[in-house]
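Below: the structure, in structure tokens.
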Amino acid sequence: MLTCRDINERSSEYLDQQMSFMQRMNFRMHLMLCKHCSRFMRQLEAVVHTLHRLSPQQSTSEEQLEELVDKLHQDPQA
Amino acid sequence: MNTLDRDKQLVAEILNGKRQALSELVHLYHTNMTRIARSFVGDANAEDVVQEAWVSVVRSLGTFKGEASFKTWMTRITINAAKTRLRKEAKHISHATVVEDLYQDDYKEDGTWRVAPIPWDDESPDALLQSEQVLSAIAKTIDKLPDNQRIMLTLHDLEGVLMEDVCNQLDITTSNGRVILHRARLAVKAVVNKLQEV
Ligand SMILES: [Zn+2]
């Protein structure tokens, strides 16, 4: 039987689908029976999905980008 | 047209000397590559590193076969440029593993919860993404993570690089990589959780 602590330790593997079928079943069984762990998983999953969707901040100006394009375009070694 | 075909076509046009295609490619990927470089070398040198990566990319564009996606190919080149920069500055990625037990406060001896996790107002990614406060806390937390955790989280969760590729680049085993990723995620989650307490 998995403990709540085991659930935490393996939660990323679960989310990233790195578990065998049986491991997955055991994991799900615990979540069905344990509302604390199912809350923990909901929250971790929300965080991970948020990370997946974070767009990078553009830090380079349009002028810098065009300068770079010019430089690359004129690169004699290219 | 899908991303792969679009990029292949852009590459072909660049090889034919089309500046417009080059500009398009740079606009498509520069920001993501800067985020990747930044996770290795920090703000001050990221732009420089990505510019170096672009020079390598353009010079070896003829060898791009389109078997892997352009993004995957360029990611590798960017990471190599970043690692070269770190080497030049005699810095290295700290692989210090945190020995202290991340979980000890949360669980009792028998592995059950010591204190139940608190509910969040809204446990959906949409809600988190809409909160400026959450986004800024997440960004700050990522910046402060230990090197290997920051790089892992950036590459794997933010940029979608495969775990195997990240581990190859960092020269660590996959199982070690998974632990590093998990710790980084827990650190971010802890910060989001803190915001819910107030
Ligand atoms: Zn539990």
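Keep in mind it's a predicted model, so treat the numbers as computed, not measured. Proteins get letters first, then strands, A, B, ... in listed order; numbering begins at 1 in each. Because only heavy atoms are used, hydrogens play no part in the values below, and waters and symmetry mates are left out as well, while side chains stay in.
Ile151(B) has its side chain out of reach of Thr154(B): every pair of non-hydrogen atoms, C-beta onward, lies at least 4.5 Å apart. The side-chain heavy atoms of Trp113(B) and Ile7(A), taken from C-beta on, include no pair separated by under 4.5 Å. With contacts defined as side-chain heavy-atom distances shorter than 4.5 Å, the pair Arg35(B)/Leu54(A) qualifies.
Contacts with chain A were tallied for Thr34(B), Asn32(B), Val192(B), Leu25(B); Asn32(B) has the most, counting heavy-atom pairs under 4.5 Å. When the candidates Asp6(A), Thr60(A), Leu15(A) are compared by the number of heavy-atom contacts under 4.5 Å with chain B, Thr60(A) comes out ahead. By number of non-hydrogen pairs under 4.5 angstrom with chain A, the leading residue of Asp126(B), Val57(B), Leu15(B), Asp43(B) is Asp126(B). Your options are Thr112(B), Leu22(B), Leu135(B), and the one with the most heavy-atom pairs under 4.5 Å with chain A is Leu22(B). Interface summary for chain B: among Arg39(A), Gln58(A), Gln18(A), Gln57(A), the most heavy-atom pairs under 4.5 angstrom belong to Arg39(A).
For the atom pair Leu44(A) CG and Cys37(A) SG, the distance stands at 11.5 Å (nearest 0.5 Å).
With a 4.5 angstrom heavy-atom cutoff, Asp70(A) touches chain B via backbone and side-chain atoms both. Heavy atoms closer than 4.5 Å to chain A are found in the side chain of Ile142(B), but not in its backbone. Contacts of Ile138(B) with chain A are made by side-chain atoms alone, with heavy-atom separations under 4.5 Å and no backbone atom involved. Of the atoms belonging to Arg178(B), it is side-chain heavy atoms, and not backbone ones, that fall under 4.5 Å from chain A. Contacts between Lys35(A) and chain B at a heavy-atom distance below 4.5 Å are absent for every atom of the residue. For chain A, the nearby parts of Glu123(B) are the backbone and the side chain; heavy atoms of each come within less than 4.5 Å. Using a 4.5 Å cut-off between heavy atoms, Asp110(B) contacts chain A through its backbone alone, with no side-chain atom that close. Ile14(B) does not touch chain A: none of its heavy atoms, backbone or side chain, sits under 4.5 Å away. For Glu66(A), the parts lying near chain B are the backbone and the side chain together; criterion is any non-hydrogen pair under 4.5 Å.
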Q: Any chance you could lay out the side chain to side chain contact (heavy atoms under 4.5 Å, CB included) test for Met41(A) and Phe27(A), step after step, and finish with the verdict?
A: CA-CA 11 Å; Met41(A) 280 310 294; Phe27(A) 198 95; 3.9 Å; yes
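Among residues 160-167 of chain B, no residue has any heavy atom closer than 4.5 Å to a heavy atom of chain A.
Considering only residues two or more places apart in sequence or on other chains, Ala127(B) meets the side-chain contact (heavy atoms from CB on, under 4.5 Å) condition with Asp122(B), Ser124(B).
At a threshold of 4.0 Å, the pair Glu9(A)-Arg5(A) counts as salt-bridged, since one of the basic side-chain nitrogens sits closer than that to a carboxylate oxygen. A salt bridge links Asp16(A) to Arg185(B): one of the charged nitrogens lies within less than 4.0 Å of a carboxylate oxygen. Ion pairing between Arg6(B) and Glu24(B) fails under the 4.0 Å rule for side-chain N and carboxylate O. Residues Asp143(B) and Arg38(B) are paired through a salt bridge, judged by an N-O separation under 4.0 Å between the basic side chain and the carboxylate.
The closest donor-acceptor contact from the side chain of Ser23(B) to the backbone of Arg19(B) lies at 3.5 Å or more, if one exists at all.
Judged by distance alone, the side chains of His30(B) and Gln51(B) never bring a donor and an acceptor atom under 3.5 Å apart. A donor-acceptor contact under 3.5 angstrom links the side chains of His27(B) and Glu62(A), judged on distance only.
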